[in-house]
Amino acid sequence: MRNLVLVLGDQLDRKSVAFDGFDRAVDAVWMAEVREEATHAWSHKVRIALFLSAMRHFAAELRAENIQVIYRLMDDPANRGSFAAELRATIERLRPAKVIVVEPGEWRVAESLRPIAEFRPDRHFYCSTEEFGEWAHAKKQLRLEFFYRQLRARHKVLLERGEPVGGKWNFDVENRGSFGKAGPGFLPKPLTFASDAITSEVIAMVNTTFADHPGTLDNFDFPVTAADAQRALQDFVSNSLPFFGMYQDAMWTDEPVLYHSRLSALMNLKLLNPRDAVSAAEQAYHDGHAPIEAVEGYIRQILGWREYVRGIYWRFMPEYLERNHLDAHEPLPRFYWDGKTDMECMRQALGQTLRYGYAHHIQRLMVTGLFALLFGVEPKQVHLWYLAIYYDAVEWVESPNTLGLSQYADGGVMGSKPYIASGKYIQRMSNYCGHCRYDPAKSTGENACPFTTLYWEFLLRHETMLRANPRTLMQIRNADRLSSSEKSRIKTQAADLRRTLGAQTT
Ligand SMILES: Cc1cc2nc3c(=O)[nH]c(=O)nc-3n(C[C@H](O)[C@H](O)[C@H](O)COP(=O)(O)OP(=O)(O)OC[C@H]3O[C@@H](n4cnc5c(N)ncnc54)[C@H](O)[C@@H]3O)c2cc1C
Ligand code: SF4
């Protein structure tokens, strides 16, 4: 054998650089389902099933092209349980001249494969890690906005004669609408994908082998092939994109998807190329189908945030995972794993997460993430929860979002301030509070909203740091207006919350 080409679970791209020069006569593909990858974080059943079903479909497509695929199934009794052991056994048996892999997305996997395999640069992304390094070099602050503008200019996205289409680079202020009392009204139903024989087999296996893992597979309806990923993209662009911009940050009871795309996992598995998503959105603008604030808002998430977090990950790993700037050490409350809480916003976000493996960005950032930040949960526990629980979780995108954006554990690499708010933010952006036993306006007393109590207590606890930051000075000035007895009641109430909820851990 000449080349053994490794295809990892998040590298399911037939056009990948791994296949450049591939010769069926002398090369083969190697893929393996290993228990270690599903248990390293206590993964949601949907996350496991999505990866495995997509991998099996990809292998079947390669075989249909007469490509030799050496594939180890999870439930094969001979499965050795780890990548390293499986790969070693294959190499000993086949003795290939070379082992080739696209640079892995995760630091841990890259370290384990570096001595064995030749890495090829990943052309899935717009920006290589080297280009990000050049941009970041000698910069004091690595702010998304400047990175994003540079990428848009370089790739000529939403540009007219060198100027941003619509006259502005960023329509963020138009992306913060809420639905008002009447609610969202008509909502498009995202395209769903029925399980075929391969997916059904995977679902049955996951239900047996990972029975004690969180979540359910009863609602599994995700695309698992590149062709279906294209259909899901077209469906999103036709039906939801026009409303995406305005209601990007809004939340509504029992409506997990609203106008979001549910395409992140497909891009992370590389079944969908981000350029396809960006150019479909851009085309929708030029066709007059979607307004600029929706199209720019969507493209900013992909060309901006997605590329930026990858750059941050590779620049600061491996020490990034250890960061704990706010010195937070509380345990993660148990309700994160079972959704049993009387906070309606958390019940909604966690309930849908357990049902579908999905929550949209603001639910992750400003509900589950915000609560963990205000409560003072140890960042590593928050990171492992996010890595386990979402259908799209892969470490290079999950960890900067969790540790940086959401928990401020990186001390300001990602964000210029901690994203903190009281229950009133959730009240403004959703209808959750109207169904809740707590009152978002109250910080103390029996029906005080835990978010509001913990928000004020966070300001008091981190006063020195927040006063020194011009972006949080206003919030501290509001805290200055509290009387000393109010401050002490808030501190007592927060301590009671920590005692009660902190005792309910896994
Ligand atoms: C604490 C936390 C953890 C997260 N963990 C993950 C994760 O493990 N995997 C993941 O893909 N995203 C993660 N995100 C980012 C974001 O929440 C998801 O990408 C998004 O909710 C996926 O749903 P969607 O495809 O419907 O997105 P849409 O709202 O339709 O957004 C469009 C696309 O933009 C990209 N995108 C949007 N926001 C971000 C972002 N902040 N960072 C990177 N890409 C972004 C995604 O590819 C997404 O499909 C996390 C965010 C937070 C706050
Ligand atoms: S009152 Fe507080 S806990 Fe209840 S839904 Fe609103 S923000 Fe969440």
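Quantities reported herein were computed from a predicted structural model and do not represent experimental measurements. Atoms within each ligand, like the ligands themselves, are counted from 1 in listed order.
- Residue contact check for ligand 1: Leu405 places no non-hydrogen atom closer than 4.0 Å to it.
- Under a 4.0 angstrom heavy-atom cut-off, Tyr386 registers as being in contact with ligand 1.
- Nearest to atom 12 (N) of ligand 1 by heavy atom, out of Leu144, Val397, Leu241, is Val397.
- No cation-pi contact links Lys442 to Tyr438, judged by a cut-off of 6.0 Å to the six-membered ring centre and 45° from its axis.
- Taking every heavy atom of His360 and a limit of under 4.0 angstrom, the matching atoms of ligand 1 come to 21 (O).
- Residue contacts with ligand 1, taken as heavy atom pairs separated by less than 4.0 Å, do not involve Ala265 at all.
- Only the backbone of Val394 comes within contact range of ligand 1, with a heavy atom under 4.0 Å; no side-chain atom does.
- The heavy atom nearest to atom 8 (Fe) of ligand 2, considering only Cys345, Pro440, Ala421, is found in Cys345.
- Those atoms of ligand 1 with a heavy atom of Ala359 less than 4.0 angstrom away are 21 (O).
- Close approach of ligand 1 to Phe244 is summarised as follows: ligand atoms under 4.0 Å from at least one heavy atom of the residue are 28 (P), 29 (O), 30 (O).
- Atom 6 (Fe) of ligand 2 has an N, O or S atom of Cys433 inside 2.8 Å of it.
- Atoms of ligand 1 lying under 4.0 Å from any heavy atom of Tyr298, numbered from 1 in the order shown and given with element: 32 (C).
- Nearest protein heavy-atom contact of atom 1 (S) of ligand 2 is Tyr438 O, 3.5 Å.
- Below 4.0 Å from some heavy atom of Met267 lie the following atoms of ligand 1, by number and element: 47 (O), 49 (O).
- Taking every non-hydrogen atom of Ser264 and a distance limit under 4.0 Å, the qualifying atoms of ligand 1 come out as 11 (O), 19 (O), 22 (C), 23 (O), 25 (O), 46 (C), 47 (O), 48 (C), 49 (O).
- Not a single heavy atom of Tyr308 sits closer than 4.0 Å to an atom of ligand 1.
- Among all non-hydrogen protein atoms, the one lying nearest atom 2 (Fe) of ligand 2 is Cys449 SG, 2.4 Å.
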